[in-house]
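A short write-up of the structure that comes next.
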2 protein chains.
Amino acid sequence: MSLPTIRLAVDAVVFGYDPKEGISVLLIQRKYDPFKGGWALPGGLVNEDESLEHAVERELEEETGVKVDYLEQLYTFGNPGRDPRNRVVAVAYYGLVKKSDFILYAATDADDAKWFHWDELPELAFDHKDILETAIKRLRGKIRYEPIGFELLDDKFPFSDLHKLYENVLDKEVDRRNFKKKFLQLDILTELEEKVSEGPGRPGSLFKFNQEKYDKFKKEGFNFEI
Amino acid sequence: MSLPTIRLAVDAVVFGYDPKEGISVLLIQRKYDPFKGGWALPGGLVNEDESLEHAVERELEEETGVKVDYLEQLYTFGNPGRDPRNRVVAVAYYGLVKKSDFILYAATDADDAKWFHWDELPELAFDHKDILETAIKRLRGKIRYEPIGFELLDDKFPFSDLHKLYENVLDKEVDRRNFKKKFLQLDILTELEEKVSEGPGRPGSLFKFNQEKYDKFKKEGFNFEI
DNA sequence: GCAAAAGTGTTCCTTTTACACCCATGC
DNA sequence: GCATGGGTGTAAAAGGAACACTTTTGC
């Protein structure tokens with residue numbers, strides 16, 4: 001019996017955030033067939049001697065110039081037929097980045113790399129729509145028992161940015177006062193002296209995450225129902 | 001550049017339950033090298049034209065005779081070096097079964113197949129210890145936002161079996177009365193007329209799961225903090 | 001009649017929700 | 001001075017935790 005030839009790939013769902021625009025996803029435009037010219041998740045084949053994480057980070061940087069510092073395995077998609085030409089099993093990861101940290105460029109397999117608002121996505125190649133939906137569900141679930149935000153917001157941010165982030169991810173209104181009360185109770189934020197004023201209205205204090213507490217919650221989880 | 005040769009395998013962490021003995025894990029004794037004679041999770045290479053789920057179910061039945069009806073993808077383990085001979089990436093699944101439904105037998109790659117109490121596990125081959133620990137964590141997390149039990153208990157069971165199951169999985173005492181109150185509120189159980197007496201003490205009613213509600217919670221999740 | 005397990009209810013406390021008024025700024 | 005967003009507190013409601021007594025059986 002000969003060895004099955006199954007190719008192993010990784011794909012990355014990278015979320016970015018902007019308080020004004022909401023949540024975006026990083027996509028590339030494919031340079032080669034299949035789906036030439038179509039939009040897809042960044043990703044590619046795993047090399048024989050590299051770890052899966054390394055493969056995602058490498059492909060992501062090659063194709064888009066983005067380096068994520070937070071990356072987590074999402075799910076493995078392996079249905080025969082998901083790639084029209086060969087059997088390819090893809091281990092999908094998802095990551096969070098501060099959009100403003102990067103200038104996108106496209107290279108290797110990508111003709112273009114762009115952020116798309118997660119409500120206005122183009123048609124996607126392969127089963128990447130499924131992957132993306134799985135990632136969105138995961139992000140929505142995650143937010144309830146692990147902090148997100150540090151990876152998506154600037155180092156210093158007004159509280160309203162964090163509040164809007166949660167409203168965006170959960171896609172529902174969240175009472176401003178109760179949210180603040182609950183979040184501050186976690187004792188994960190440091191309030192700075194600085195204030196910032198964006199447009200009209202009273203300026204708000206800037207906050208930053210307490211890295212240590214943040215990592216602790218990330219590791220041990222918490223309960224954050226809202 | 002030649003195609004990397006990465007082999008793709010699946011491994012299964014199958015949990016079984018017995019109110020008297022607690023939670024067990026199904027392991028096989030390896031017939032061939034590497035780790036010949038050692039204990040390992042059931043599993044094996046994926047065929048070129050079968051889905052990952054199919055591969056797990058096939059390997060599991062071949063090696064142990066167990067057919068799971070509930071199986072969920074756990075995590076993909078892909079570190080180079082996890083298999084001493086080749087690069088093998090393993091997609092791990094975990095499943096829940098009623099132990100009493102099966103008579104184990106060992107075949108193909110397995111010399112023996114046995115249930116081990118999850119507190120008294122032998123040394124495991126490859127990185128299977130990591131896989132198992134990941135599965136245990138997942139099971140403990142799962143119990144809080146999805147029902148488990150239907151897959152682990154007999155069709156009809158006294159309430160105390162369910163209670164013990166939760167105590168076993170969570171590895172802590174849970175107040176009997178509060179647990180019952182909360183669980184019955186979910187309206188997921190049907191109380192039967194039948195009563196059963198196991199040893200001394202007042203006989204208890206038998207319950208069964210309301211399949212429809214169960215599937216709904218399984219799909220949509222709930223919040224069950226205890 | 002004693003030990004063992006099942007059935008049931010109440011109180012207290014914590015957490016969550018709903019909600020309103022004042023404050024600092026830009027224009 | 002008015003529109004806009006930021007900052008803060010309180011009361012009512014719901015949910016969770018703690019806890020004790022009665023009932024039915026086996027021996």
I'd like to check the ring pair (Phe, Tyr, Trp, His ring centres under 6.0 Å) partners of Phe224(B); sequence neighbours left out, ordered by chain and number.
Tyr166(B), Phe183(B), Phe222(B)
Does a side-chain N-to-carboxylate-O contact under 4.0 Å join Glu194(A) and Lys156(A)?
yes
Among residues 197-207 of chain A, which residues get a heavy atom nearer than 4.0 Å to DNA chain D?
Pro200(A), Gly201(A), Arg202(A), Pro203(A), Gly204(A), Ser205(A)
Salt-bridged, Arg138(B) to Glu72(B), with N to O below 4.0 Å?
yes
Return the set of residues passing side chain to side chain contact (heavy atoms under 4.5 Å, CB included) with Arg177(A) (not counting sequence neighbours), or none when no residue passes.
Asp175(A)
What pair of heavy atoms forms the shortest contact from Ala92(A) to Ile131(A), and how long is it?
CB-CG2, 3.6 Å
Under the salt bridge (charged side-chain N to carboxylate O under 4.0 Å, His left out) test, which residues partner Glu151(A), sequence neighbours left out?
Lys218(A)
Can you check whether Lys195(A) has a side-chain N or O nearer than 4.0 Å to OP1 or OP2 of dA24(C)?
no
Does any residue of residues 162-174 of chain A have a heavy atom under 4.0 Å from DNA chain D, and if so, which ones, in number order?
none
With sugar-phosphate taken as primed atoms, P, OP1 and OP2 and all else as base, the protein-contact string of nucleotides 12-21 of chain C at under 4.0 Å (heavy atoms; B, S, -) is ----SBBBB-
From the 5' end of DNA chain D to its 3' end, which nucleotides mark the outer limits of contact with chain B, defined by a 4.0 Å heavy-atom distance cut-off (strictly under)?
dG16(D) to dG26(D)
Pairwise salt bridge (charged side-chain N to carboxylate O under 4.0 Å, His left out) hits with a residue in residues 199-215 of chain A, at least two apart
Asp187(A)-Lys213(A)
Using side chain to side chain donor-acceptor pair (under 3.5 Å) as the criterion, list what pairs up with Lys195(B), not counting sequence neighbours.
Ser205(B)
Just grab all the salt bridge (charged side-chain N to carboxylate O under 4.0 Å, His left out) pairs involving residues 13-23 of chain A, residues at least two apart or on different chains.
Glu21(A)-Lys99(A)
Do Leu170(A) and Ile143(A) come close enough that some side-chain heavy atom pair is under 4.5 Å?
yes
For Asn223(B), what residues pass the side chain to side chain contact (heavy atoms under 4.5 Å, CB included) criterion, not counting sequence neighbours?
Arg144(A), Glu225(A), Glu225(B)
Considering only residues two or more places apart or on different chains, which pairs with a residue in residues 111-127 of chain B satisfy side-chain hydrogen bond (donor to acceptor under 3.5 Å, both in side chains)?
Arg82(B)-Asp127(B)
